[in-house]
2 protein chains.
Amino acid sequence: MTVSKENRDNQSPSFPPKKKPKVTVVEVAEAAGVSVSAVSRAFNPDASISRPLREKVFKAAAALNYKPNRLARGIKSRSSLVGILMTDFNNPFYLPILSRFTSEIQNRSCHSLLIHVDGDMDIQEAVELVMEYNVDGLIITSASLPKELVDACRSQNTPAVIFGRDSSENSVTVVSCDNVLAGNMAADMLLDAGYTKPAFVAGPVGTSATIDRQRGFISRLMERGCNQWQVIEGGEFSYDAGYDATLRMFKSVERPDALFYADDIMACGGMDALRYDLGLRVPEDVGVMGVDDIRLANSRSYDLSTIRQPNEEMIQRTIDALFEHISDPQLPPQSITLPCEPVERGSTKKSK
Amino acid sequence: MTVSKENRDNQSPSFPPKKKPKVTVVEVAEAAGVSVSAVSRAFNPDASISRPLREKVFKAAAALNYKPNRLARGIKSRSSLVGILMTDFNNPFYLPILSRFTSEIQNRSCHSLLIHVDGDMDIQEAVELVMEYNVDGLIITSASLPKELVDACRSQNTPAVIFGRDSSENSVTVVSCDNVLAGNMAADMLLDAGYTKPAFVAGPVGTSATIDRQRGFISRLMERGCNQWQVIEGGEFSYDAGYDATLRMFKSVERPDALFYADDIMACGGMDALRYDLGLRVPEDVGVMGVDDIRLANSRSYDLSTIRQPNEEMIQRTIDALFEHISDPQLPPQSITLPCEPVERGSTKKSK
DNA sequence: CTGAAAGCGCTTACAG
DNA sequence: CTGAAAGCGCTTACAG
């Protein structure tokens, strides 16, 4: 007597919500009158299966409201999981980026495993954890990038692409904008506007973005014969860091007449310090620039001149490169550097 | 001849990076001279296993650099995955929140599956997708919450907690702050400061937070005998929405003398419109308030009076409640409403 | 507390 | 193209 199944189906529906029995390949196969292999193949885009068979399976699956169990699938095959490693959770720059990444990943019917890398847990540990999920690929947005991470990815043979960092690493794919160029452009904009004693407010120590921006900035200043520049450590990419660094800088004897911050959110903090604590006028007394072109840069309050990163394109290229590597792991790592673009707004004097 | 194993181990290490063979329970068991069950138990905190056995396993595991495969584990047991459903990716309010959630989830040795719910894909679909990963639990930050989502969770028996929304639903755990109270407080602060013609700039239509804030605001105004209020639709929670709504409002005949925005980022946009487009002084000509107390509210540029949500506590309570439900699925849903707190800054006149 | 064995839900050689 | 069967890496009754 095959009673067990019926039993299961109409088992006291009003009772304490028992875990609804999941429908599996077996049930679908039964319902469709085919093998489980057929069911499996039907749900795998590039498996060899005839149209009619696939449709039969889909029909049965739909009727039973079958959803493949990704976890089980992931054991032998792709997990459909993409890890996103993030550090800079207090930089608003990253929210829209995260937004686009997750959408794009979902568009390719994968999901995002978001890994928060912070002080407590070193990045190495983070990678190991994410590897336990057999992620198909990894996006790394961390500003500081330890070598071990890259090694871990390679040893696991997990495709990874680094977002927004410069291409010193040649063993892994990197998508970034040309930060040296960004520095050049900032120097030009400030010099063209007539500022003569500019300063660079650096970001997190040792991160390639800030190093390159500084290098590009200073070298262009000197090229153009400006020698009265200075550099100050800013610390992290945050409003407070920019604010504090600015106050510190203006305690010194040599006051700059223009400030180029390692990124926009620092510039916003700095501008507030200039205007509201130091009583200086922007752009008349001091010119201010940042990098990124975050939403706030285009607000009426800050109206910040900046160097815009081609975010949309960087994101698109990152996703494209990642999925290319996922489908063909033999692909050599590439290094994609996109140009950036100056955006002149009200925080600098008009260039002459 | 047991050659196969040795073969595997020292197989041409210099060759094209073959997928490094993962070490599994079987190898660890062999190395430790125990059963695979023992290995499994050693890695499951509440399995019954003796200390010495566990240590023996750990030693072997460490030597082999064994990491349990979470995917395989997830088939029969917990996936250690927590889904986070988000909509509002253009509200900076959510970045720190996301930061805390992911950290807390990682602290409990789980990981975050971040689901971006947007227009293209309805929330129903998002939930189904996330269910395919057998998430242990779900955090929902979506402002608008369709009933189907709640049903989906229940039918899958997946614990879920809704963050930042009001407790109209009684079938699922909700953590929010008292938004009616927030409205009351805003009304009090503006009235106490001497404003007499306040307006409410609403957020996304149909979301409980904005509805409740409006209700609390208006009802308190009327209680205190102020009848010259108005309400305008703001649209989404964003800088632009606040900016645009403000310009629209000031085209009308009846100009308000104080604005209470549904949230801080709208208030920032609005304040910029007031100051830079309409040439009004804040707080002298118009008082401005928001809700949330985002980082920017405390900047010198905006210096925004607001109603602070007890974010830290809301997050903590959300996580606690979620994990309680995960370990005991029979727990009844609770509805946790926390008080909020007025923060008086420079965008409103000093209360008398 | 411990082990041998069956099972989780899906995939993938292997034959046909 | 299709199916029967073995296997993925782990967990969990079931005995002892």
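Naming: A, B, ... by sequence-line order, numbering from 1 per chain. Values reported hereafter were calculated over all heavy atoms of this structure, with side chains retained and with hydrogens, waters and symmetry mates removed.
Between the CD atom of B:Glu132 and the C1' atom of C:dC8 there is a distance of 17 Å, rounded to whole Å. Distance, A:Asn134 CG to D:dC8 P: 14 Å, rounded to whole Å. For the pair A:Arg73 CZ and D:dC10 P, the interatomic distance rounds to 20 Å; values are reported in whole Å. Rounded to whole angstrom, the span from the CG atom of B:Asp46 across to the P atom of C:dC1 amounts to 13 Å. Rounded to an integer number of Å, the gap from A:Glu30 CD to D:dG3 P is 14 Å. What separates CG of A:Asn69 from P of D:dG9 is a distance of 17 Å, to the nearest Å. In this structure, the CG atom of A:Leu71 is 12 Å from the C1' atom of D:dG9, given to the nearest Å. With rounding to whole Å, B:Ile49 atom CD1 is found 8 Å from C:dT2 atom C1'.
Taking only side-chain nitrogens and oxygens, A:Asn44 comes nearer than 4.0 Å to OP1 or OP2 of C:dT11. OP1 or OP2 of C:dT11 has at least one side-chain nitrogen or oxygen of A:Ser40 nearer than 4.0 Å. Contact annotation: B:Tyr133 side-chain N/O to C:dG9 OP1/OP2 distance is not under 4.0 Å. In terms of phosphate contacts, A:Ser37 brings no side-chain nitrogen or oxygen within less than 4.0 Å of OP1 or OP2 of D:dG3.
Picking from D:dT2, D:dA5, C:dA4 the nucleotide with the shortest atom distance to the side chain of B:Arg41 gives C:dA4. Among the nucleotides C:dC10, D:dG9, D:dG3, the one closest to the side chain of B:Thr24 is D:dG9. Among the nucleotides C:dT11, D:dG3, C:dG3, the one closest to any side-chain atom of A:Val36 is C:dT11.
Between A:Asp328 and A:Leu331 there is a side-chain heavy-atom pair separated by less than 4.5 Å. By the 4.5 Å heavy-atom criterion applied to side chains, A:Asn69 and A:Thr24 are not counted as neighbours. Side-chain atoms of A:Ile84 and A:Ile105, non-hydrogen and from C-beta on, do get closer than 4.5 Å to each other. Between A:Phe323 and A:Asp136 the shortest side-chain heavy-atom distance does not fall below 4.5 Å. A heavy-atom distance below 4.5 Å is found between the side chains of B:Pro159 and B:Leu322.
With a 3.5 Å limit on both pairing distances and Watson-Crick or G-U wobble geometry required, the stems of 3 or more pairs in DNA chain C span C:1-3 with D:14-16, C:5-12 with D:5-12, C:14-16 with D:1-3.
Look at B:Lys59 and B:Glu55 and you find no salt bridge, because none of the NZ, NE, NH1 or NH2 atoms lies under 4.0 Å from a carboxylate O. B:Glu132 and A:Arg73 are not joined by a salt bridge, as no carboxylate oxygen comes within less than 4.0 angstrom of a charged side-chain nitrogen.
A:Arg317 contributes no side-chain N or O that, together with a main-chain N or O of A:Ser176, makes up a donor-acceptor pair within less than 3.5 Å. Side chain of B:Ser99 to backbone of B:Leu95: no donor-acceptor contact under 3.5 angstrom is found.
Each of B:Ser35 and A:Ala72 was assigned the nucleotide of DNA chain C with the nearest heavy atom; the assignment lying further toward the 5' end belongs to B:Ser35.
In this model, no donor atom of one side chain and acceptor atom of the other lie less than 3.5 Å apart for B:Gln106 and B:Ser103.
A donor and an acceptor atom never sit less than 3.5 Å apart when one is taken from the side chain of B:Arg70 and the other from the base of D:dG9.
In the region residues 50-57 of chain A, proximity to DNA chain D at under 4.0 angstrom, judged on heavy atoms, holds for A:Ser50, A:Leu53.
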